[in-house]
Number of protein chains: 2
Amino acid sequence: MAANTRFAVAIHAMGMLAFGDELNVTSDDIARSVRTNPVVVRRLLAQLTRQGLVMVKLGAGGGARLTRPPEQIALSDIYLALGEGPIFQVPLLDETHDCAVGRNVGPVLNAVLLRAEKGLLAELQTITLADVIGKVMRRMKRQGCARHVPGAGKARK
Amino acid sequence: MAANTRFAVAIHAMGMLAFGDELNVTSDDIARSVRTNPVVVRRLLAQLTRQGLVMVKLGAGGGARLTRPPEQIALSDIYLALGEGPIFQVPLLDETHDCAVGRNVGPVLNAVLLRAEKGLLAELQTITLADVIGKVMRRMKRQGCARHVPGAGKARK
DNA sequence: TTCAAGTGTAACTAAAGTAGTTTCATTTAA
DNA sequence: TTAAATGAAACTACTTTAGTTACACTTGAA
């Protein structure tokens with residue numbers, strides 16, 4: 001898998017932190033839930049922490065929690081915090097292009113593609129972490145769910 | 001460069017075809033303009049041809065041209081023709097997830113990320129190839145341009 | 001009818017990004 | 001003092017894009 005799952009994993013992790021509420025959620029908890037490696041999770045959490053979305057406590061009993069309620073976190077906040085590069089790139093067509101058209105294509109394409117990405121970002125701004133959690137909860141209820149105690153159990157193995 | 005320049009190169013190529021009008025533009029012409037390899041261009045044109053945006057003529061004097069005027073080609077048409085996979089992927093969290101929440105996160109995330117991509121696509125739908133060409137032309141004029149004869153010269157080296 | 005100019009395609013290499021893993025220093029609560 | 005955490009570095013593996021070479025096939029024109 002070399003696909004871009006970073007954003008999805010980050011949302012998943014943030015969702016778990018929201019569930020955890022006042023409790024510290026460990027990278028191990030998250031990793032087990034996403035079926036990945038704790039280090040991968042910590043790398044993501046480190047970025048989210050640097051951007052002020054998450055606070056981390058070191059040492060025994062440590063872990064991560066949100067810095068603000070999930071209603072105040074838009075998915076665009078998470079996306080931007082990851083600092084992903086542009087989705088589309090324009091091969092730098094030199095300013096020294098021998099064709100007058102060629103010299104102007106690059107900047108125009110850059111502007112156009114940036115505009116497209118803003119369309120994506122605008123959509124992400126309309127969705128909060130709380131919305132995502134709500135969708136998950138409703139989906140659970142529709143299926144008739146069972147156990148799982150949100151931040152309580154924290155089944156240590 | 002392992003970045004995603006495919007879309008930008010495709011737009012650039014289509015733009016050249018629009019300029020070429022009735023003339024056949026060769027993959028070599030395009031490759032020289034984008035500073036890449038003719039094979040790379042042909043691979044892109046092949047996809048665009050399969051999706052009906054471009055028609056290609058084999059043999060001497062051959063090359064590519066658009067199947068319809070650039071006013072009728074939205075950037076979303078080009079993007080979709082390239083058949084890129086989803087921008088974001090969700091690591092498949094098994095349906096057998098031991099946590100009831102976990103079983104429902106995957107589908108919800110998929111839906112959310114799909115919605116974000118649709119925001120991007122919606123933006124691309126509002127821009128035609130002709131718009132892009134117009135922007136380039138206007139930018140040229142603003143800078144006080146010089147020569148270049150659109151489909152005429154075809155400087156053979 | 002031959003040849004040069006094209007495309008189509010396969011095969012290979014190179015470079016970059018993501019994911020995964022191990023390891024170790026450091027912090028902290030009990 | 002010890003166990004439970006994070007932080008970070010180092011390394012491997014895999015995937016995707018880009019670039020290149022090579023060659024079969026098509027076509028127009030001398």
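Below, chain A is the first sequence line, B the second, and so on; all start at residue 1.
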Trainee: Do B:Phe7 and B:Ile11 touch side chain to side chain, with heavy atoms closer than 4.5 Å?
Mentor: yes
Trainee: Does A:Val40 or A:Lys57 map to a spot on DNA chain C nearer the 5' end, using the closest nucleotide for each?
Mentor: A:Val40
Trainee: For B:Arg43 and for A:Leu58, find the nucleotide of DNA chain C with the closest heavy atom, then tell me which residue's nucleotide is more 5'.
Mentor: B:Arg43
Trainee: Could A:Asp77 and A:Arg68 be called an ion pair, given the rule that one side-chain N must be under 4.0 Å from one carboxylate O?
Mentor: yes
Trainee: Among C:dT18, D:dA8, D:dT17, find the nucleotide with the atom closest to the side chain of A:Asn4.
Mentor: C:dT18
Trainee: Once you round it to whole Å, what is the distance between C1' of D:dA18 and CZ of B:Arg35?
Mentor: 17 Å
Trainee: Does any non-hydrogen side-chain atom of B:Leu17 lie less than 4.5 Å from one of B:Val54?
Mentor: yes
Trainee: How many Å lie between CG on A:Asn24 and C1' on D:dA3, as a whole number?
Mentor: 16 Å
Trainee: Over how many whole Å does the gap from B:Leu44 atom CG to D:dT17 atom P extend?
Mentor: 11 Å
Trainee: Between A:Thr49 and A:Gly61, name the one whose nearest nucleotide on DNA chain D is closer to the 5' end.
Mentor: A:Gly61
Trainee: Send over the distance from B:Asn37 CG to C:dG8 P, rounded to a whole Å.
Mentor: 14 Å
Trainee: Reckon A:Arg42 has a side-chain N or O less than 4.0 Å from the OP1 or OP2 of D:dT6?
Mentor: yes
Trainee: Answer yes or no: is there a side-chain heavy-atom contact under 4.5 Å between B:Leu120 and B:Ile87?
Mentor: yes
Trainee: Atom CZ of B:Phe7 and atom C1' of D:dA18: how far apart are they, to the nearest Å?
Mentor: 19 Å
Trainee: Side chain of B:Ala60 only, heavy atoms from C-beta on: which candidate in D:dT27, C:dG20, D:dA22 is closest?
Mentor: D:dT27
Trainee: Any side-chain N or O of B:Thr26 below 4.0 angstrom from OP1/OP2 of C:dG6?
Mentor: no
Trainee: Of all the choices, C:dG8, D:dT21, C:dT18, which nucleotide is nearest to the side chain of A:Glu84 once you look at every atom?
Mentor: C:dT18
Trainee: Whole angstroms only, please: what is the CZ-C1' distance between B:Arg50 and C:dT9?
Mentor: 10 Å
Trainee: Do the side-chain N and O atoms of B:Arg6 and A:Gln89 include a donor-acceptor pair separated by under 3.5 angstrom?
Mentor: no
Trainee: In this structure, how many angstroms lie between the P atom of D:dT16 and the CD atom of B:Gln89, rounded?
Mentor: 9 Å
Trainee: Give the rounded distance in Å between these two atoms: CE of A:Met55 and P of C:dT28.
Mentor: 13 Å
Trainee: Establish, with yes or no, whether the OP1 or OP2 oxygen of D:dT6 is under 4.0 angstrom from a side-chain nitrogen or oxygen of A:Ser27.
Mentor: yes
Trainee: Measure from the side-chain heavy atoms of B:Val56 and tell me the nearest of C:dT18, C:dT7, D:dA22.
Mentor: C:dT7
